[in-house]
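Worth knowing before you read on, the calculation uses all heavy atoms, side chains too, and leaves out hydrogens, waters and symmetry mates. Here is how names work: the chains are called A, B, and so on, in the same order as the sequence lines, proteins then strands, and each is numbered from 1.
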Amino acid sequence: MRQTKAYLIICCILAAVWGCEKKKTAADGEMVICRPMISKVQTLDPTNTRDIYSALVVSQMCEQLYVYHYLKRPYQLIPLLAESMPAISDDGMTYTIRIKQGIRFQDDPCFPDGKGRELKASDFVYAFKRLANAKYASQNWSVFDDRIVGLNDFREYSKGFKKEWDVDYSKPVEGLQALDDYTLQIKLTRPWPQILELALNDYCTSPVPFEAVQHYGVDIVSHPVGTGPYRLKTWQRSSYIELEKNLNWRGELYPSEGEPEDQVNGLLADAGKPVPFADRIIFRIIEEDQPNWLLFMRGKLDVMYIPKDNFDKVMMPDKKRLMSFMQDQQIKLTIFNDPSTFWVGFNMKDPVLGPNLPLRKAISRAIDRQKYIDILFNGRVQVAHGLVSPGLNSYDPNMADYGYSRFDLNEARALLKEAEAIYGKPIPKLTLAMPGTDTLPKQMGQLLQRMLEQAGIQIQVDYMDFPTYMERQNKGQCQMFISGVSASCPDAMDFLEMFASKYFAPGSNKFFYSNPEFDALYEQVAVMQDSPDRLAWYRKLEHMILDDYPAAFMTHRITFYLGHDWYKNYKPFVFGYGVLKYHRVDVEQREQFFNRIHSSKKEGK
Amino acid sequence: MQPRGYWSDAIRRLRKRKLAMLCFWIVAMYAGLAAFIWIGDILVTHLDWKIPIVQWNEHVGPSYQKPAAQYEFVPEMKTESQKGWCLLGTDFMGQSTFRKTLYGAKTAMMVAFCASIISILIGVPLGALAGYYRGWVDDAIVWFYTTLGTIPYILLLMAFAVVLRGAHIGPWELRGSVSVYLAIGLTSWVGLCRLIRGEIIKRKESEYVLAARAMGCSDFRILFFHLLPNVFHIILINFSLRFVSFIHAEVILSFLGLGETDKPSWGAMIDAARTELARDVWWEMAAATVAIFIISLALNIFSDALRDCLDPKLRMD
């Protein structure tokens with residue numbers, strides 16, 4: 001007994017010592033980026049990554065063929081793993097891509113001698129086939145459905161196997177061929193003008209070595225093996241993620257071209273220097289706003305969003321500048337438009353909502369979006385008058401005039417009467433699925449409940465954590481749900497295709513919205529090359545969606561981002577995530593900040 | 001002199017204690033308020049009354065107004081602004097904190113009452129059966145409640161609340177507060193069961209039981225008509241003592257987001273304050289905390305006094 005006690009005590013002491021060791025964030029002169037992460041990360045397997053939190057981490061470790069230039073605006077695609085832009089056949093159906101030579105995967109025990117091997121064109125073929133594997137059930141499959149010659153056949157073939165691992169990847173796919181070690185050829189079933197923006201620059205097409213998949217099996221979600229500038233060091237599920245430099249990385253130089261303002265803003269000061277700058281990146285997973293905020297104010301986080309409850313305290317009433325005490329701390333504010341749309345979605349398969357357009361319309365009319373924004377977001381988001389967000393190619397500045405986002409209680413009540421006539425009896429209490437159990441989701445739920453109640457529509461709100469929410473949504477078990485999307489490229493097709501019936505959940509169509517007319521037009525427009533005509537068709541598609549009210553579109557986000565002055569080279573970058581390699585921390589300046597805080601505390605005492 | 005009965009004597013002695021009586025009236029006030037609001041809710045849902053007794057979800061002012069501050073605002077469904085005033089300020093939506101606190105009393109009292117009933121319905125019969133029959137019945141019941149008792153209470157409570165929320169039992173779906181009643185009731189009968197079992201074991205050999213048995217009474221009759229009425233005071237004391245902890249359990253569940261989500265509750269009000277305190281909004285938390293404090297204190301003092309008065313050994317005082 002006594003011995004056990006002694007062991008316990010020793011264990012405690014060791015744990016305590018180890019805990020102290022952990023807390024030390026940076027060794028001498030080591031450059032560490034510390035960032036907040038407001039949600040748990042679901043997976044670090046790029047092929048199945050879909051949410052922005054996982055994407056942010058994955059994108060530092062895995063790379064794709066193409067990427068947007070960090071500084072140039074309008075956004076311009078440049079090769080990353082590819083050697084050059086693809087050679088496209090005249091009919092727009094065949095893409096031939098040369099891949100850079102000498103790129104190596106990070107070192108990992110999954111390789112024979114633990115050394116990362118060279119990246120080959122066949123790794124991309126494998127990555128695409130894995131995406132198509134029906135037993136793997138990637139959330140990203142919808143992007144590739146019926147796009148590449150033979151890939152759908154491969155998917156059908158994979159359905160014949162019991163488990164993901166049993167699928168034989170040696171079965172050839174006609175449209176995906178490694179012509180030699182460094183040449184990848186993709187043949188499309190029909191023209192796909194957005195293939196570069198939507199697929200080849202997306203983290204889901206990052207090559208994953210088959211050795212890693214075989215070695216780790218299900219655990220691949222926590223053992224990412226990529227070609228990127230960083231590699232995973234630690235992932236404590238609900239506490240932090242730590243990345244360290246990938247020593248195998250080929251190296252890259254900081255861009256020396258950009259917008260004219262970049263020179264003035266000091267964004268070109270590091271031009272031509274080798275990246276990545278930081279030795280380590282730490283994402284602290286804290287779902288609550290206030291702890292994050294306090295950590296940021298104490299300098300433990302380099303960057304930070306502004307929590308709703310702190311907004312009025314730190315921003316001038318014009319909502320454009322920071323209060324002087326924040327400026328004294330040398331905190332910088334960046335405001336930018338983050339193309340995104342948020343909505344209250346309706347499950348069109350639901351027997352109450354699905355066949356009842358007046359009911360969905362009534363819900364949309366009953367929501368006072370401006371009040372919603374004023375109360376919940378301090379006016380930090382814009383009203384969404386339609387689906388397509390500002391900053392995307394087909395955004396229509398006159399959208400507000402069509403009145404889809406109109407708030408009109410009387411109309412809502414009249415529509416509800418109509419809806420009850422269709423349903424045959426009073427509308428039962430509806431259920432709204434809300435991701436998150438924190439204060440903001442709760443307040444959103446309460447406010448929506450009250451707004452709808454004013455029009456006579458009763459709802460109850462189910463609060464759940466994000467993974468549960470995603471699962472229910474994908475299974476079509478949510479009647480109404482709060483969700484949203486951030487654009488991954490400037491082409492609005494990304495938004496429009498969420499309503500095509502061939503992308504039913506677990507694809508991107510979580511609404512189970514199905515309109516044959518829309519589908520037919522979508523098929524036509526999706527293969528069109530960029531032209532003013534195409535924009536007009538995009539708008540037509542958007543109106544078809546809006547007329548059917550598969551969702552009440554609510555808001556577009558405007559991001560207010562804070563960064564300490566020591567955090568350099570930060571430029572808003574909304575179409576991709578793998579840019580932390582360009583960011584730099586002035587370690588000395590950060591040290592000075594800590595000393596200042598320390599001495600002011602002492603004075604306070 | 002007419003000898004006094006057990007109960008009337010207990011009440012007489014209770015009346016002599018001024019503090020206990022004050023606490024009793026406080027508890028009665030909370031209970032009355034809860035009952036009043038409950039009846040109002042029923043009238044609204046079933047008899048189509050237009051206005052509930054405590055209209056907690058009405059927007060009575062702008063967001064986060066300080067307690068007792070004057071303000072101007074445009075009421076819902078109106079266009080002209082008017083002057084307003086709120087005793088305990090308003091929350092993020094402009095709802096009155098005072099009304100929410102009052103409504104919170106209903107949520108807490110209802111949950112505590114229903115959960116108590118559930119736990120009594122489970123704990124008392126099980127304890128009685130175990131104590132009366134002993135043998136394998138006793139072994140099984142003791143094993144069961146010991147196992148349940150080893151699981152940390154809050155964890156067990158949370159697990160039950162998560163599982164029961166939205167669960168289907170036959171044709172019914174458990175919604176909102178019902179799952180909370182069940183979660184608390186199903187997890188907290190162990191203590192009562194143990195007490196009743198002990199008391200029954202002590203009393204089953206007493207003369208009146210032997211007499212009843214000699215007269216040919218059935219086990220059921222002896223147990224439920226002779227033994228249980230004699231341990232009823234234990235149930236009553238336990239009920240009043242447990243009531244406080246059930247109110248606390250409800251507050252904890254609501255704070256964690258597992259309790260009542262559609263209606264105001266003290267726990268949810270405290271939960272909201274987690275972020276509100278950052279913007280110096282203290283009144284929601286203060287109102288809920290004071291409300292909980294008063295009912296807890298009053299119930300504790302009252303049930304202490306009740307225990308003293310119902311203790312047969314102290315009757316001779």
So, taking the atom named CD in A:Q454 and the one named CD in B:E58, what distance separates them when rounded to the nearest 0.5 Å? 9.0 Å

So, do B:D271 and A:K442 sit near enough that their side-chain heavy atoms are less than 4.5 Å apart? yes

From CD (A:Q449) to CE (B:M93), nearest 0.5 Å: 8.0 Å

Other residues, nucleotides and ligands only: do more than 12 of their heavy atoms fall within 6.0 Å of NZ on B:K66? no

Sequence neighbours excluded, which residues qualify as side chain to side chain contact (heavy atoms under 4.5 Å, CB included) partners of A:D328? none

So what's closer than 4.5 Å to chain B heavy atoms on A:Q290: side chain, backbone, both or neither? side chain

Applying a strict 4.5 Å limit to non-hydrogen atoms, the region of A:L376 in contact with chain B is side chain

Are there residues of residues 149-157 of chain B that reach to under 4.5 Å of chain A by heavy atoms, and which ones? none

Does atom CZ of B:F113 have more than 12 heavy-atom neighbours from other groups under 6.0 Å away? no

Other residues, nucleotides, ligands: >12 heavy atoms within 6.0 Å of A:K417 NZ: no

If I measure from the heavy atoms of chain B, does A:Q443 come under 4.5 Å with its side chain, its backbone, both, or neither? both

By ring pair (Phe, Tyr, Trp, His ring centres under 6.0 Å) - contacts of A:F481 (at least two apart): A:F511

Value rounded to 0.5 Å, distance of CG in A:D312 from CG in B:D280: 11.5 Å

Within the supplied structure, the quantity of interest is the number of heavy atoms (other residues, nucleotides, ligands) at a distance under 6.0 Å from A:F325 CZ; does it exceed 12? yes

Which residues pass the salt bridge (Lys or Arg N to Asp or Glu O under 4.0 Å) test with A:R35, sequence neighbours left out? none

Tell me, yes or no, whether the heavy-atom count around A:F560 atom CZ, taken from other residues, nucleotides or ligands under 6.0 Å, exceeds 12. yes

Which distance, rounded to the nearest 0.5 Å, do you find between the CD of B:Q95 and the CG of A:L447? 9.0 Å

